[in-house]
Structures are given as C-alpha cells and as structure tokens.
Colleague: 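Please see the structure below; I have some questions.
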Amino acid sequence: MSEEQTMESAVATQSSPTDTVAETTTEQPQTNLLNEGATIASAEKDWLNDISEEFRSTPSISNAKNINDIAKQVVNLEKVLGKPKVSLPQDNWQDSDWNEFYNKTGRPETIDGYDLSYNSEHIKFEDSDKNKLAESFHKAGLSQQQASAVFTSIAEREANLSQSVEEKFIANETNAREVLQKEWGDDFETNLKLSNAALNKLLPNDVAEQVQERYGNDPNLIQLLANAGKSLMDDTEFKGTLQSSSWTSPVAAKSELDQLRSDPVFTSQLTNKTDPGHKFALEKWTELHRVAAS
C-alpha cells in the first residue's frame, strides 16, 4: 500500500464519530408530572415495608399516608389515656357507684358549690328556696352547668308569671280607681280610708289581709265597705282607727271636715270637754285643719 492510501485509511477511521457515539451513549427516560406523582406515591408507601405484616392490614396503619400520621395517632392516644376514666352507668349500679359517677362528671362536692343567680325586677328567690333547689340538683347529680340551665328555666317561668300577674293587677287597680273617682269625686280618698278602716274593724286581721289581697281592686266591694264605715262613725274605737290613718290630701281633709260639721255626735264630742271622746275629736279636728290648710 502506498503512503497516500495509508493516510486516507487513517483519516476515514478518525472521521466516523457516529459509530463511536452509538456504542457509548445510553437512552435517558423522559420525565413528566404524572411520572413524578407516581414516584411520590411509591415513596410514601415505602415506610410500610418496615412494619410487620400482621399490623399492616390494621385500618389505622393501612390508611395512614406516612409515618407522621402514625405519630399523631400515638400522641392523641396518650392524651386520651391521660384523662380520668369514667365508667358508663349500669343498670345494677348502687348509690356509691352513682355518687362516684356524679363527682367525676362535674357535680360540686356540696350544695354550696352551686351558683344559682338570676336577676329580674319581677321575681326574687329567697335563700331558703335556692337551698331547696340546690339539694335537689345535688341529689340528681347535676353539674354547675346543668344546674344553671335548669334554674334559669325555672326562674324565667316564674318571672313571666309574676310579670303577667303584676300587669293584670295594675290594670285592675287603674280601672277601679277610675270608677270610684267618677263615683265619689272629691270624697275619693275619704271613702277609701273609710273602706279600709271598716275592713279591719269587721274582719280578723288574717281574713282582712286575704280579702285585701284577692279583692282589693273590686270597686263594688270598696263601695260596700265605705258605706259600712259611714255607719260605724258612732263607734269610738272605729273613729280611733280612722284617726290613726295619715291624711295626705288637703281636698280629702276638707271633705272630711264638711262631713264632721254635720255629724251631731262628733260635734258634741268636740264641744263638750266632759265627753269621753272630746280629746279624740279635738285632735282629729286640729289635724284635719292643718292638712286642709297645707
């Protein structure tokens, strides 16, 4: 081979890079987000391989996404185990079992541990009433929260009833006042005083209180008692009862003075110093003039 042929062969050998690259280059896989997601999912499940097969099928294990989920379950379990254990009530429980259950579920140690507060302008609970309720709550095993809810319900019902009764009472009183003022005019207060004095004269104190409480706004009864009081004016004791009442209205005092001027018995007592009723009549006459002039 000539020298020229030898050089052409060498050049040809060096200028065939394609064959060399094809022999040394390896194929690279194409990556995308779908492939990345599959890779992540596979990696997340790899931790299961470190757990014994007898536990892998347990829902708390198989449903966990990663080891951190298992860690959270363990921490939460420790918190639950650290709390006081409360047994659920059973049909065969004795009083001691119930008391233990009530104490663990928030019942105060004694009835003094209950705070029974309720503010209302229509109702007020006495301490004795609150104590009775607290005793019932404690016996039933109520916690403070439960007792407050029950007590508030009772108080609201009582307050509503009290408010309704109060409003009805005011309406009845207003109506009776209008009727009697129209009937008596300037003698309104004088006749009211007579009716009250007659009530206390004719009936025992306890009965008079009941009548006053139930029928104190009945205009017919008040008129009847006022007429009865006028018929009792000759009774010295009755007059003393009448005198003991305070006069607040000059008009009423003047009206009473007019009535007394036409009363021969009172006039006799007032003018006759030897009459047993003279002192009473003089005091009353003086007081009425004082009020009438005010």
Side-chain angles (χ1 to χ4, degrees), residues 121-124 126 128 161-294:
E121 60 182 5
H122 300 289
I123 187 173
K124 179 181 179 181
E126 301 294 337
S128 57
L161 288 175
S162 177
Q163 182 178 2
S164 177
V165 170
E166 183 179 349
E167 291 174 351
K168 184 177 180 180
F169 178 84
I170 293 175
N172 290 339
E173 181 184 13
T174 301
N175 178 68
R177 182 180 298 276
E178 291 176 354
V179 170
L180 294 175
Q181 283 179 334
K182 183 177 180 180
E183 178 72 21
W184 289 336
D186 291 341
D187 294 335
F188 174 74
E189 292 192 15
T190 299
N191 288 334
L192 276 185
K193 183 179 178 183
L194 280 170
S195 65
N196 182 265
L199 176 67
N200 291 291
K201 171 67 177 178
L202 298 173
L203 298 176
N205 291 339
D206 56 340
V207 178
E209 289 178 1
Q210 294 178 20
V211 170
Q212 195 170 27
E213 181 178 349
R214 298 186 60 181
Y215 307 106
N217 288 320
D218 186 337
N220 294 324
L221 175 63
I222 296 172
Q223 284 180 316
L224 179 64
L225 289 171
N227 292 333
K230 293 175 183 178
S231 67
L232 293 171
M233 289 300 293
D234 292 339
D235 188 315
T236 303
E237 182 181 353
F238 178 73
K239 285 186 176 181
T241 302
L242 211 56
Q243 174 66 17
S244 64
S245 300
S246 60
W247 290 90
T248 58
S249 170
V251 174
K254 291 176 182 178
S255 177
E256 180 69 358
L257 285 170
D258 292 339
Q259 291 183 9
L260 293 178
R261 288 190 182 97
S262 61
D263 184 349
V265 176
F266 181 84
T267 302
S268 174
Q269 291 175 334
L270 181 63
T271 58
N272 186 359
K273 295 182 179 181
T274 61
D275 191 294
H278 173 72
K279 182 179 179 181
F280 156 76
L282 181 61
E283 290 177 353
K284 182 174 183 179
W285 185 257
T286 303
E287 177 65 13
L288 286 174
H289 274 283
R290 183 190 68 78
V291 176
S294 62

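These figures come from a predicted structure and were not determined experimentally.
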Colleague: With a 4.0 Å cut-off on N to O distance, would you call Arg177 and Glu173 a salt bridge?
Modeller: yes
Colleague: With side chain to side chain contact (heavy atoms under 4.5 Å, CB included) as the criterion, how do Thr190 and Trp184 come out once you've worked through the C-alpha distance, each side chain's angles and the decisive distance to 0.1 Å?
Modeller: CA-CA 9 Å; Thr190 299; Trp184 289 336; over 6 Å; no
Colleague: Which value, rounded to the nearest 0.5 Å, describes the distance between Asn196 atom CG and Asn191 atom CG?
Modeller: 12.5 Å
Colleague: Can you tell me how far apart CG (Leu192) and CG (Leu180) are? Round to the nearest 0.5 Å.
Modeller: 6.5 Å
Colleague: Relative to each other, are the rings of His289 and Trp285 parallel, tilted or perpendicular (30° and 60° limits)?
Modeller: perpendicular
Colleague: Do you know the tightest heavy-atom contact between Thr271 and Thr267?
Modeller: OG1-O, 2.8 Å
Colleague: Tell me every residue that passes side chain to side chain contact (heavy atoms under 4.5 Å, CB included) with Ala171, counting only those two or more places apart in sequence or in another chain.
Modeller: none
Colleague: With a 3.5 Å distance limit and no angle check, can you tell me whether Ser268 reaches the backbone of Pro264 through a side-chain donor-acceptor pair?
Modeller: no
Colleague: Flag yes if more than 12 heavy atoms outside Asn205 fall under 6.0 Å of its CG atom; otherwise flag no.
Modeller: no
Colleague: Distance from Asp258 atom CG to Asp263 atom CG, nearest 0.5 Å?
Modeller: 12.5 Å
Colleague: Could I get the full list of side chain to side chain contact (heavy atoms under 4.5 Å, CB included) partners for Val211, not counting sequence neighbours?
Modeller: Leu199, Leu203, Val207, Tyr215, Leu221
Colleague: Report the distance from atom CG of Asp187 to atom CD of Gln181, rounding to the nearest 0.5 Å.
Modeller: 12.0 Å
Colleague: Using salt bridge (Lys or Arg N to Asp or Glu O under 4.0 Å) as the criterion, list what pairs up with Glu209, not counting sequence neighbours.
Modeller: none
Colleague: Could you list the donor-acceptor pairs under 3.5 angstrom formed by side chains in residues 224-233, with sequence neighbours left out?
Modeller:
unit_1, atom_1, unit_2, atom_2, d
Asn227, ND2, Gln223, O, 3.3
Ser231, OG, Ala228, O, 2.6

Colleague: Checking Lys124 now: which residues fulfil side chain to side chain contact (heavy atoms under 4.5 Å, CB included) with it, not counting sequence neighbours?
Modeller: none
Colleague: If the condition is salt bridge (Lys or Arg N to Asp or Glu O under 4.0 Å), which residues does Asp186 pass it with, not counting sequence neighbours?
Modeller: none
Colleague: Measure the spacing between CZ of Phe188 and CD of Glu183 and express it to the nearest 0.5 Å.
Modeller: 12.0 Å
